[in-house]
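Quick notes on the structure that follows.
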2 protein chains.
Amino acid sequence: MRNDKQRVTIRTVADAVGVSTATVSRVFSGQGGAGEDVTQRIFRVASELGYRGNSIARSLRSQRTDTVGLLVPNLLNPFFPALIQAIEVRLQAGGLGLLLADSQGSVGVEAQRIRALLDRRVDSLIISPVDQVESRTAIQEALRSVTVVQVDRQAGNDAAYVGVNHRQSVELALNHMRQLGRTRFAFAGYDAGVSTSEERLRWFLELTKDIDPGASTRILRETVGDADEVPHEWLDRHADGMDAVVTTSDLIAVSMQMALRERGYSVPEDVAIVGFDNTRLAAVAQITSIQQPLDDLAEAVAAKVEGTRLELPTDGFPCTLVIRHSTAGSSADR
Amino acid sequence: MRNDKQRVTIRTVADAVGVSTATVSRVFSGQGGAGEDVTQRIFRVASELGYRGNSIARSLRSQRTDTVGLLVPNLLNPFFPALIQAIEVRLQAGGLGLLLADSQGSVGVEAQRIRALLDRRVDSLIISPVDQVESRTAIQEALRSVTVVQVDRQAGNDAAYVGVNHRQSVELALNHMRQLGRTRFAFAGYDAGVSTSEERLRWFLELTKDIDPGASTRILRETVGDADEVPHEWLDRHADGMDAVVTTSDLIAVSMQMALRERGYSVPEDVAIVGFDNTRLAAVAQITSIQQPLDDLAEAVAAKVEGTRLELPTDGFPCTLVIRHSTAGSSADR
DNA sequence: CTGAAAGCGCTAACAG
DNA sequence: CTGTTAGCGCTTTCAG
């Protein structure tokens, strides 16, 4: 398993062509470093020898690794793999490598992983913080040595942030259901400390305040078990009084749909439900869901990482709505 | 965003303590390189200065990066994030970093990513090949310079392989449904070229040969669309003649369940269904599913990567069955 | 247009 | 127990 092929370094190539390593280096860096014929010979010999360059040596010299760290709170939430995929594609296109780490929903693990990533000398760190408050110090610390970009979630600090327009996303769900005649709204899937969850709840309250004063009493704050089961007690109290549910994830949306149906309510006739992130779960369970513009987010993240200027929408990227059976809406949507 | 904190190198520490860099290096490598008091001073000063070592320089010297590349065929298949998570945890525990890449289901992208990973000088490559045949050459090529471990899928080459016992996994599903009195089996989710899919189909045929000769005619080879929709035509032909379906993924299992219910069949009464990978999809849709021992796989992969000897089951790791409503089985299972 | 020389930060002989 | 020296492979002044 050791490297059989004997190392072919820049010196091997230089010697074979009969020039200095400096010349070979210039040629490969593209900065028109040598004469026409020499350049050709170098390229030919290098490819014959299978010279690939040594990125470690280059990094030591240049103090750059062309590698970024990506730290997500939980790989098991299908939104993150989807986001990672978009970012990975964009980064690879720019010649950047992706060191992945998972915080496992723990601020402690998160701090530890940040350390590990910095020790590996990543050029920048892309992070979706576990907690809006408790993740702050670790991130501020990282900010002292690398570029940090927060994506999806944020932790109120000096690092850049790339995310969607939370107000618009909630509005999308609300308006869609209002057009269907729904008037009594509920909110499910609040997760304390998760910035996106806090934002969505905040806008839900703000936007329903005038149209449905009772909405603020129909908030589901806690779920149970793996599949985010909806507590019976909550349904006892609210199922009759609501006809539309806004959620923070497809998982909770599906659970809500199942729980309601088990109790004899029909979805969407009695209660309409909108999920979030448009994962496979939503497709399979026929749940209307809010889709984040993953490629736009990835592009923005990449721009920050690469130090490129890129005009971002001030309030975040707009989402779109994918309409399915759980709202049975057929009306067009923006 | 540049590194504000001025670099503190091993020389900084050495000078502050008044010893040579070699001594500091020895102390940090643990190889009892210095006297009691000197060792203490070095540790104290180093931590005061916030010395973290430079992994790039170390790598250049040692010809190791303590980083492994992980190449998966598709991040959107929820099995892979789950596997990645298990591997990430195990690798981090061993001080190894994880460079992630996604083949996007394409052999071409896969070959390209392997290149990129090797150029970054990963110590080893963990890969789940896109295609059982077409991935071969790229992997063989990689094998010439690093340790390669195939996981889940394989591509018939000289690289190590870590995976489950395919025969046992199919048996698990079949036996469970036989105990429930089912006799007419079908197989759904065959994906040509994917080694795991080929293996499962092979064992399905082998194991049903004697108990249900008709099984070999009830193979669903092609699906349509995002949610792996089951073709009407296939259902027309087989729905009446089967009472148990073995699948290769939870997604196809859920789709099968929906398609059957839409046609008025009941699951599990008329047809029992077993999914694969026990993802959230299975939990939510109440599908009985086969669970792979992810931690065992991760452990085995890590052992190969770290060069540790570890006794592996000859035919692969055994899976377990998580019983839910789609088979409504209550009988105990091994 | 090209070469010589220095050095990124660390570790591994080899002395003493 | 500790220091000196050399060098991993590359890039980058600085000369010529």
Side-chain angles (χ1 to χ4, degrees), chain A residues 2-3 5-43 45-46 49-67 95 118-123 145, chain B residues 2-3 5-43 45-46 49-67 95 118-123 145:
Chain A
R2 53 242 124 327
N3 303 14
K5 200 194 303 185
Q6 63 198 43
R7 313 213 141 289
V8 23
T9 74
I10 196 170
R11 157 121 283 131
T12 323
V13 177
D15 289 351
V17 177
V19 293
S20 74
T21 61
T23 302
V24 177
S25 176
R26 277 187 218 106
V27 166
F28 274 95
S29 74
Q31 326 282 22
E36 183 69 3
D37 48 338
V38 182
T39 303
Q40 291 312 319
R41 294 232 314 287
I42 289 178
F43 276 135
V45 172
L49 262 42
Y51 171 65
R52 306 281 320 169
N54 183 320
S55 61
I56 304 300
R58 178 159 33 242
S59 289
L60 182 58
R61 207 28 257 242
S62 63
Q63 305 287 4
R64 285 182 305 109
T65 52
D66 293 321
T67 300
L118 295 186
D119 280 351
R120 281 172 192 285
R121 293 293 198 276
V122 293
D123 291 339
S145 55
Chain B
R2 53 240 127 321
N3 303 14
K5 202 194 303 187
Q6 62 197 43
R7 314 212 141 288
V8 24
T9 74
I10 197 170
R11 161 121 279 132
T12 325
V13 176
D15 289 351
V17 177
V19 294
S20 74
T21 61
T23 301
V24 176
S25 175
R26 277 189 219 104
V27 166
F28 274 94
S29 74
Q31 328 282 21
E36 183 69 5
D37 48 337
V38 182
T39 303
Q40 291 314 315
R41 294 230 316 286
I42 289 178
F43 276 135
V45 171
L49 263 43
Y51 172 65
R52 306 282 321 171
N54 183 318
S55 61
I56 304 301
R58 180 161 30 243
S59 289
L60 181 58
R61 199 42 247 242
S62 62
Q63 307 287 4
R64 286 182 305 108
T65 52
D66 293 322
T67 301
L118 294 186
D119 280 350
R120 280 171 192 286
R121 293 293 198 275
V122 293
D123 291 339
S145 52

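Letters A, B, ... mirror the listed sequences (proteins, then strands); counts begin at 1. All heavy atoms count here, side chains included; hydrogens, waters and symmetry mates do not.
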Self-check item: Cationic N near anionic O, under 4.0 Å, A/Arg64 to A/Asp123
Solution: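 Result for this pair is no, no salt bridge flagged.
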Quiz prompt | Shortest non-hydrogen contact between B/Phe28 and B/Ile42, atoms and distance | solution = CE1-CG2, 3.9 Å
Quiz prompt | Nearest heavy atoms of B/Tyr51 and B/Val8, plus distance in Å | solution = CD1-O, 3.3 Å
Quiz item: Is there a side-chain contact between B/Asp66 and A/Arg120 (heavy atoms, below 4.5 Å)?
Solution: yes
Quiz item: Do A/Ser145 and A/Leu118 have side-chain heavy atoms sitting under 4.5 Å apart?
Solution: yes
Practice problem: Starting from the C-alpha separation in whole Å, work towards a yes-or-no answer on side chain to side chain contact (heavy atoms under 4.5 Å, CB included) for A/Thr9 and A/Thr12. | Solution: CA-CA 5 Å; A/Thr9 74; A/Thr12 323; 3.3 Å; yes
Quiz item: Through what angle, rounded to 10 degrees, does the axis of the helix from C/dC1-D/dG16 to C/dG16-D/dC1 turn between its ends, using five pairs per end?
Solution: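 Answer for the end axes of this duplex: 40°.
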Quiz item: Between A/Asp119 and B/Ser55, is a side chain to side chain contact (heavy atoms under 4.5 Å, CB included) present by the stated rule, with each step listed?
Solution: CA-CA 7 Å; A/Asp119 280 351; B/Ser55 61; 5.7 Å; no
Only distances under 3.5 Å count here; give the side-chain donor-acceptor pairs of residues 13-22 of chain B to other protein atoms, sequence neighbours excluded, each with its distance to 0.1 Å.
{"from": "B/Ser20", "atom 1": "OG", "to": "B/Ala22", "atom 2": "N", "distance (Å)": "3.4"}
{"from": "B/Ser20", "atom 1": "OG", "to": "B/Thr23", "atom 2": "N", "distance (Å)": "3.4"}
{"from": "B/Ser20", "atom 1": "OG", "to": "B/Thr23", "atom 2": "OG1", "distance (Å)": "3.3"}

Quiz item: Rounded to whole angstrom units, what separation is found between the CZ atom of A/Arg120 and the P atom of C/dC10?
Solution: 16 Å
Quiz item: Going 5' to 3' along nucleotides 6-16 of chain D, which nucleotides have protein heavy atoms under 4.0 Å from the base (write B), which only from the sugar-phosphate (write S), and which from neither (write -)?
Solution: BBBBBBBB---
